[in-house]
Every structure is written in structure tokens, then in C-alpha cells.
Amino acid sequence: MDNLSLKNRDLSNIWHPCTQMKDHERLPLIPIKSAKGVYLEDFDGNKYIDAISSWWVNLFGHRNPYINQKIIEQLQSLEHVIFAGFTHEPIVRLSERLVKLTPKNLTKCFYADNGSSAIEVAIKMSFHYNKNRGKTKPYFVSLTNAYHGETIGALSLGDLGIYKESYKEILIKTIKTEVPIDKSDEASIEAANKLRKLFEKRANEISAFIVEPLVQCAGGMHMYSPLFLKLSYQLCKEFDIHFIADEIAVGFGRTGNMFAIQSADIEPDFMALSKGITGGYLPLSVVMLSQKIYDGFYCDYNLNKSFLHSHSYTGNALSCSAANAVLDIFENENIIEKNREKSEYINKKLQNFLNLENVESIRQTGMIAAITIKGYSATERIGLKIYEYGLKHGVLLRPLGNVIYFMPPYIITFEEIDKMMKVAFDGIKELLS
Ligand SMILES: *Cc1c(COP(=O)(O)O)cnc(C)c1O
């Protein structure tokens, strides 16, 4: 099987995600033959450091021996079973562990198989919970610059025009409030004051407020202070509005704590997890929720009050075995501590970027670092240029517009961090020449 024939066969039958397929007339697809650790390898023997964890899912490297082994073990007994009326050991164990790791009010797990579906579950449950207690509250509040996925409900909550604009006539009811403009406390206080004004006017029609805690990843790695989480959470309590923490991208250690909301010590009504949950192996998502929400649906036979939501692959046993393996690695290898060292190192290196005259700003939260480039118009597609430069030099960077970022697997070594950041530096510098 050679490279060229795979590319051509792919293009004759496949439409890729988040891609203008015509770009592939010029930009070749890259068939990957194998992967190991932080490296992807193509059919010509080129290796690429996966600096974006394959869209933020991969925590402990590709073909991780321990996760591989745990999935193989699971395959010997059960691959999947219908999750209505049946259960299995890996999911029971996973749920117990998640309940222990998350804030103590979160005692129930509702599973789905991707991030967007988890968001749909959370907003449907929030709305339905209110309806079950006699209140119809059809609006959801989300932040400017937010991203919560691509299905219609999740898309409606988002604020990124590129994904959303074409569908505006068919979206659900949402209200936008401003995200803090930066990591300062003043910015958080200002944004919270705006949220208060909104709640004062419209709380009786709002079911839930949803946030991406600390980092809006798809929105160009925009970062803000834990103070905003605290303040907005208090407002939600005060006005009887659910607080939904979308930890799909930031959960599982990415921001420096196991979950980003731990930085603010709050107890959200719902918390959505996916992406890193299986270490980048298999699709799985979960909505963690409080006993109070659960009890709002618990009753004698009454279909109107029941939550009749399901996905065919809900609670897949192989996915759960991967998720348990991921939690084992967190426990056994002191990952959160080790990440602190690595993120300090990344932070030191990040300062160098300020020496480039086309760099506007840098920022970092835990194992996410980002650089904003200035001085180019959108049609220059500098992100694409950096992407191509990175590939030529052995690093998979996938800029978000004019934001270059690093979100590597946690097993990346210090030498690999050096290489990843040097290639990005040289690529940004080359834009100047
Ligand atoms: C990726 C992402 C989603 C959507 O998850 P999918 O699995 O891609 O559907 C939702 N919210 C956030 C914050 C994300 O980063």
C-alpha cells in the first residue's frame, strides 16, 4: 500500500471534517502509517510531533503500551452491550472513580459517545428538569467566543461565526454574555457584572448558564481567571439557574488541576467530559450531574417526566476500559505534578516569542500555551502557512486563525518541547522574511 494510492482513494470517497475539500487540490492529505508516543509517522518515514494531541484528545501518547494492554484485556470478555437494562464492570468502576474525582455534589453519570452529544444531554436535562417542576425556561446563556460543539443545540451555544453563521435560522434560543477579556480580576468582575444585569432582567426564562472553564480552546485559546467561575457560579445560585461546566477540552489535567473548575472550588450542576477521557483512543463522553437533578426525573411510570435520551454506543465497554486505564496512569504516575514542571518549562520558552515583532501576545494555562500573531489579514491565511511550515519540519501545529498554540500529550519530553517550540518560533519568524 503506498502513499499516493491512499491519498487518491481517500479523496474519491471521503469528505473530511472541518475541511474545505478543495484545499486538497493543493495541500496533500497525509496518510499516517503508524504512531508512537508523541510521534506520527507517514509512509515516507517522516515523523511529526503531535503538538495538538490529535485535536486535544491524546494524553499519554499514541499506542501507549498500558492503555493498549487494558483494551486488549477487555476484548477478551466484552466489547459492547446495550446500555439500557444492562451494565458492565468497566463502566461501574469508571463511574465510581469519576464521582470520587469530581466535586462532591456530582454523584451521577449519564454517558454518551462524543462531546457535542454530552452538551445536548446537559441542556436537554436542564430544560426538562425545570419543566418537571412546572417551569418552562427555554433560554440558555453562554459566553462570547464560546465553542461547545457542532450539533444544533451545542452549535447554538457557541459564538464562533465560522461554524455557526450558515445555520442561524435553525438554532435554539440562546443569549450571549461577555467573556472576561483577559486573565485579570478586573476583567472577571466586569464580565460578572454584565451577567448579573442579564440575570436580573431575564432569569425566569433561562434554564442554564454554560462555560468552558478557564480556557476557551476553539475560540483561539482565550484565557480568563478562576474568579469569573466563582462569581458566575454564585450568580447562578442566586438566580436559580443551572451552571454547566463544559470540561470537554480542559478536563483531565489540561489546565494544571484534574478539572479546571477545581481552581475555583465550585460545584456545578452539570459537568461535561469527553476528549481526554479515553486518552485519545475511543469515543466516550459523560455528563456528571447532581443528585438533585437526578431526583427531578425519578418517579413512578410517567413518560413525560422521564429522560428518554440514548445513543447506540452509550457506555461502550472498550471505551470505558481505556478510560479506566487513563485514570490508572493519573494515579500511578503522578501526572498532575509532572505536568507542573513541564508547563513551567513551556512558560519559560514561551517568553522568547515576545522577541518576534509579529507576535502580539502570549498566554498559558497549565499544558496549554498560545501565541497571537499580528499584522496579517485573514486572506493571507498565516495559520495555514505555519501549519505547512510545521509539517515540513516535523511538527504538527494546527493554528486557529492567527493563534499558534501548543497542547501536547503529557508524555512529551523536554527535548521534544524544545523542538516543538523552536519549529513554531522559526515558522513565525519566517513570516517576516
Ligand atoms: C471539542 C469540544 C466539544 C465538542 O466535542 P466533540 O466530541 O468534538 O463533539 C464541546 N466543547 C468543547 C469545549 C470542546 O472543546
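Keep in mind that the numbers below use all heavy atoms, side chains included, and drop hydrogens, waters and symmetry copies. Whatever order the structure lists ligands and atoms in, that order sets their numbers, starting from 1. Please read these numbers as outputs of a predicted model, since none were measured by experiment.
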Discussion item. Closer than 4.0 Å and a protein heavy atom, does any atom meet both conditions relative to atom 8 (O) of ligand 1?
Written reply: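 No.
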Atoms in ligand 1 with a heavy atom of [X] nearer than 4.0 Å:
X	answer
Gly149	4 (C), 10 (C)
Lys275	1 (C), 2 (C), 3 (C), 14 (C), 15 (O)
Ala249	15 (O)

Worksheet item: Under 30°, 30 to 60°, or over 60°: which ring-plane class applies to Tyr224 and Phe228, parallel, tilted or perpendicular?
Response: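 Correct class here is perpendicular.
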Discussion item. Can you check which of Ile119, Asp246, Asp113, Asn114 brings a heavy atom nearest to atom 11 (N) of ligand 1?
Written reply: Asp246
Discussion item. My understanding is that we take every heavy atom of each candidate and find the minimum distance to atom 10 (C) of ligand 1. Doing that for Glu247, Glu212, His148, which one comes out nearest?
Written reply: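 Minimum heavy-atom distance to atom 10 (C) of ligand 1 goes to His148.
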Validation row, ring centre [X] to ring centre [Y] under 6.0 Å:
X	Y	value
Phe307	Tyr129	no
Phe330	Phe60	yes
Tyr163	Tyr147	yes

Any nitrogen or oxygen of [X], side chain or backbone, less than 3.5 Å from one on ligand 1?
X	result
Ser116	yes
Ile248	no
Trp56	no

Worksheet item: Does Glu416 come within less than 4.0 Å of Lys419, counting only side-chain N to carboxylate O?
Response: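 Here Glu416 does not pair with Lys419 in a salt bridge, since their nearest N and O are not under 4.0 Å apart.
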Worksheet item: Is any NZ, NE, NH1 or NH2 atom of the basic residue among Glu344 and Lys348 found under 4.0 Å from an Asp or Glu carboxylate oxygen of the other?
Response: no
Item to complete: Identify the protein heavy atom lying closest to atom 5 (O) of ligand 1, giving its residue, its atom name and the separation to 0.1 Å.
Response: Gly115 CA, 3.2 Å
Worksheet item: Which of these passes ring-ring contact (aromatic ring centres under 6.0 Å, His included) with Phe239: Phe209, Tyr233, Phe199?
Response: Phe199
Item to complete: Show your reasoning for whether side-chain hydrogen bond (donor to acceptor under 3.5 Å, both in side chains) applies to Asn58 and Tyr281.
Response: CA-CA 7 Å; Asn58 191 298; Tyr281 268 70; over 6 Å; no
Worksheet item: Heavy atom of Trp55 under 4.0 Å from ligand 1?
Response: no
